[in-house]
Amino acid sequence: MNKNKREIRVRFAPSPTGEFHLGGARTALFNWLFARHCKGKFILRIEDTDAIRSKNDFSQSVIENLKWLGLDWNEGPEVEGSYGPYFQSQRLQIYKKYAYKLLEEGKAYFCYCTQEELEERKREKQKEGKPPKYDGRCRNLSEEERKHFKEEGRKPVVRFKVPQEGITYVEDLLRGKISFENKLIGDFVLLKSDETPTYNFANVIDDTLMKITHVIRGDDHLSNTPRQILIYQALNFQTPQFAHLSMILGKDGTKLSKRHGATSISYYRKKGYLPWAVVNYLALLGWATSDSQQLFSKEELIKKFNLERVGKNPAVFDIKKLEWMNGEYIRRMKPEEVASLLIPYLKEKGLVKERIEPKEKEMIRKIAQMEQNRLKVLSEITDLADFFFKKDFIYEPKAVEKRLNKEYVPFLLKETKKEINELASFTEEELEDLLRNLTKKFSFSTGEVFHPLRVALTGRTRGPGLFELAVVLGKEEVLRRIDKTLAMFKN
RNA sequence: GCCCCCAUCGUCUAGUGGUUAGGACACCGCUCUUUCAAGGCGGCAACGGGGGUUCAAUUCUCCCUGGGGGCACCA
């Protein structure tokens, strides 16, 4: 590494005003990948300056879900670091200090307009078809006017004096040079009347103080960037590099939101998506290798990821592809790994007890092995495999109709039962031999024998291989289920 | 209304001043098989429109259209 080069420092700066969602996760991921790729630092900063909307639970949600995804941070909550605190609500004095500095230098001013007044004027502007920007009327208040407002008990905000001529350029790593006319930007608020900072202000102060080199964030912040650059300049701060990621959209092409179904990371976690599948999928939303590789190991992804190959067009979130990818990763796991991930779902549905006996654990391992190919998300296991655990599983009416309601079935089941009874040991091979012989002996087709037996044992027409499934159930249970089925014919 | 961004199969994308425009998901066949999956094989399917530049534009440029985002004492 080049010692002369500044260390790469990026941050993920969520505001805890809602559940941690896919869009946030993608932004976090790209920052994390960039940091890891460059051997830099990834910093987590919680932007909780909105006292009303911010909730501690949401901060916790971000922290837990980032951990779950495996996106570890070098500085931030829990790990701390040299540039903390990492909650903006604990840095209020810092923002105040810089706001007063700007005030003293005449680059900002107190504004006594009330929110009602502002809204009123904004509405008028819009009616006239004019841009709804602040008119700057408090820019040059006389001492007297200021005194008057104070006596009225008005609490001022601090506004930034936006130069009303010139152009501010945003040099974006992904989009190139973008220009904004300053005169289109109104004097915006730095400090609210309760002396907490606004996003644009706190962001600049913290990114500077935390020595952030690259600001990688959503596209929705692009038009905020000139405002921030103006603050950087006023404070004589060096601007970081910017990279604005395009948004993730829902199926209808609008910004992904609850309207499109589940967007929270915790939903995907609960549903049984593997963290790495989510990461891998999200990485492909706006980034690709030249060979369009789909599946990456963690090391591979870190190695191959770079900002240059990040696309600039918005990407539609496609759950089908995520499902496929998740299934792909489930299939690649060892059965015992799958089994241990499955257990919480089985417990939740009461299919297994809190305490799991070794024998039961082995059974779950075999079930995991059998169902691995069928699982797209882990939670599906309870629907796929409940019959293994429930003595009173449901016989699907359609399955009964299609496979059991045949003249020959009672006879077949009785014969099967008789022969199984005579079996010395109960292995897949023996069972297969037995059934195939039975097929030959009575001139059945394979299907005629296998299908009804599957329904008798599982209540359904689809599922794992018949022999392996039967062996997992065990001889005794198999016989019991055949009896149970036989009993159905008596009615 | 104003400002900014974006534009290749249905979706995620690769790609080039001249290509049979490639891959992946989804979808549809076939195959394997006791079923369903998984697997294997194959198929369908795209350069938004109009000007320019050029011998040649999907690629460069302009306009339009479409989509998205922003214009808060929210972030």
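Basis for what follows: all heavy atoms, side chains included, without hydrogens, waters or symmetry-related copies. Chain identifiers are assigned alphabetically (A, B, ...) following the order of the sequence lines, protein sequences preceding nucleic acid strands; residue numbering begins at 1 within each chain.
Applying the 4.0 Å criterion to OP1 and OP2 of B:A24, one finds that A:Lys321 has every side-chain N and O outside that range. Note on A:Arg175: every side-chain N or O is 4.0 Å or more away from OP1 and OP2 of B:G69. For A:Arg331, no side-chain nitrogen or oxygen approaches OP1 or OP2 of B:A37 to under 4.0 Å. Proximity of A:Arg436 to the phosphate of B:U34: a side-chain N or O atom is located under 4.0 Å from OP1 or OP2. In terms of phosphate contacts, A:Lys251 brings no side-chain nitrogen or oxygen within less than 4.0 Å of OP1 or OP2 of B:A26. Between A:Arg159 and B:C73 there is a side-chain N or O to OP1 or OP2 distance below 4.0 Å. A sub-4.0 Å separation between OP1 or OP2 of B:A75 and a side-chain N or O of A:Thr198 is absent.
Of the listed nucleotides (B:C12, B:A75, B:G68), B:A75 has the atom at the smallest distance from the side chain of A:Thr49. In this structure, the nucleotide among B:C73, B:U34, B:A26 sitting nearest to the side chain of A:Thr446 is B:U34. Considering only side-chain atoms of A:Lys192, the nucleotide from B:U34, B:C36, B:C74 that sits closest is B:C74. Candidate nucleotides B:C36, B:U8, B:C73 were compared by shortest atom distance to the side chain of A:Val189, and B:C73 ranks first. Of the listed nucleotides (B:U35, B:C6, B:A26), B:U35 has the atom at the smallest distance from the side chain of A:Arg462. Ranking B:G70, B:U34, B:C73 by closeness to the A:Leu118 side chain, first place goes to B:C73.
Using a 4.0 Å heavy-atom criterion, one finds that A:Thr254 contacts the sugar-phosphate atoms exclusively. Counting any heavy atom pair closer than 4.0 Å across all strands shown, A:Gln294 reaches a base atom. When heavy atoms are screened at a 4.0 angstrom cut-off, A:Gly186 is found touching no nucleic acid atom at all. A:Arg332 comes within contact range of no nucleotide atom at all, as no heavy-atom separation falls under 4.0 Å. Among the atoms of the strands shown, base atoms are found under 4.0 Å from some heavy atom of A:Thr461. Contact annotation for A:Pro132: base contact, defined as any heavy-atom pair under 4.0 Å involving a base atom. Using a 4.0 Å heavy-atom cutoff across all strands shown, A:Leu184 reaches sugar-phosphate atoms only and no base atom. Residue contacts shown for A:Pro226 are absent, as no nucleic acid heavy atom lies under 4.0 Å away. Counting any heavy atom pair closer than 4.0 Å across all strands shown, A:Gly447 reaches no nucleic acid atom. Within 4.0 Å of A:Ser179, counting heavy atoms only, lie sugar-phosphate atoms of the nucleic acid but no base atom. Among the heavy atoms of the strands, none lies under 4.0 Å from A:Lys133. Among the heavy atoms of the strands lying under 4.0 Å from A:Val316 are primed sugar atoms or P, OP1, OP2 only; no base atom is included. Among the protein residues, A:Phe467 comes within range of the nucleic acid bases, having at least one heavy atom under 4.0 Å from a base atom. In this structure, A:His244 reaches neither bases nor backbone, as no heavy-atom distance under 4.0 Å exists between it and the strands shown.
Only the P atoms considered, B:C36 is 34 Å distant from B:C9, to the nearest whole Å. Taking the C1' atom of each, B:C25 and B:G43 are spaced 16 Å apart, rounded to whole Å. Taking atom P on both nucleotides, B:G1 is separated from B:U59 by 29 Å, rounded to a whole Å. Comparing B:U16 with B:A57, their C1' atoms sit 10 Å apart, to the nearest whole Å. Using atom P as the reference point in both B:U34 and B:A26, the two lie 26 Å apart (nearest Å). Taking atom C1' in both B:C4 and B:U13, the straight-line distance is 25 Å, to the nearest Å. For the P atoms, the distance from B:C71 to B:G29 is 49 Å, rounded to whole Å. Comparing the P positions of B:U58 and B:U53 gives a spacing of 15 Å, expressed to the nearest Å.
Separating the NZ atom of A:Lys122 from the C1' atom of B:G1 is a distance of 13 Å, rounded to the nearest angstrom. In this entry the distance linking OH of A:Tyr199 with P of B:A72 reads 15 Å, nearest Å. In this entry the distance linking CG of A:Asp318 with P of B:C27 reads 10 Å, nearest Å. Atom CZ of A:Arg227 is separated from atom C1' of B:A75 by 13 Å (rounded to the nearest Å). In this structure, A:Arg454 places its CZ atom 16 Å from P of B:U33, rounding to the nearest Å. Atom CG of A:Asp291 is separated from atom P of B:G23 by 12 Å (rounded to the nearest Å). As rounded to whole Å, 12 Å separates atom P of B:C71 from atom CG of A:Leu222. Taking atom CE of A:Met370 as the reference point, atom C1' of B:U35 lies 14 Å away to the nearest angstrom.
Between A:Ala288 and A:Lys320, it is A:Ala288 whose nearest contact on RNA chain B lies nearer the 5' terminus. Along RNA chain B, the nucleotide nearest to A:Lys177 and the one nearest to A:Tyr281 differ in position, and the one closer to the 5' end is contacted by A:Lys177.
A donor and an acceptor atom, one from each side chain of A:Arg11 and A:Asn203, are located under 3.5 Å apart. Checked by atom type, the side-chain pair A:Tyr329/A:Asn280 shows a donor-acceptor distance below 3.5 Å. Side-chain polar atoms of A:Asp252 and A:Thr254 form a donor-acceptor pair below 3.5 angstrom. Inspection of the A:Thr168 and A:Asn182 side chains reveals an N or O donor paired with an N or O acceptor under 3.5 Å. For the residue pair A:Glu328/A:Gln294, the side-chain donor-acceptor check at 3.5 Å is not satisfied. Defined by atom type and a distance below 3.5 Å, a donor-acceptor pair is missing between the side-chain atoms of A:Asp50 and A:Tyr199.
If you check B:C2 for Watson-Crick or wobble pairing at under 3.5 angstrom, you find it paired to B:G70. In this entry B:A24 has B:U11 as its Watson-Crick or G-U wobble partner, both defining distances falling under 3.5 Å. Of all nucleotides present, only B:G18 satisfies the Watson-Crick or G-U wobble test against B:C55, with each distance under 3.5 Å.
The base of B:C74 is paired with the side chain of A:Arg53 by a donor and an acceptor separated by under 3.5 Å. In terms of polar N and O atoms assigned as donor or acceptor, the side chain of A:Ser292 comes within less than 3.5 Å of the base of B:G22 in a complementary pairing. One N or O donor and one acceptor, one from the side chain of A:Ser193 and one from the base of B:C73, sit under 3.5 Å apart. Side-chain N/O atoms of A:Asn224 and base N/O atoms of B:A75 include a donor-acceptor pair closer than 3.5 Å.
Under the ring pair (Phe, Tyr, Trp, His ring centres under 6.0 Å) test applied with A:His214, the options A:Phe34, A:Phe12, A:Phe242 reduce to a single match, A:Phe34. For the pairing with A:Thr485, the side chain to side chain contact (heavy atoms under 4.5 Å, CB included) check across A:Leu457, A:Val455, A:Val409, A:Leu413 returns one residue only, A:Leu413.
The six-membered or imidazole ring of A:Tyr408 lies away from that of A:Phe442, with a centre-to-centre distance of 6.0 Å or more.
In this pair, A:Phe30 and A:Phe305 present their aromatic rings perpendicular. The plane angle is above 60°, beyond the 30 to 60° band.
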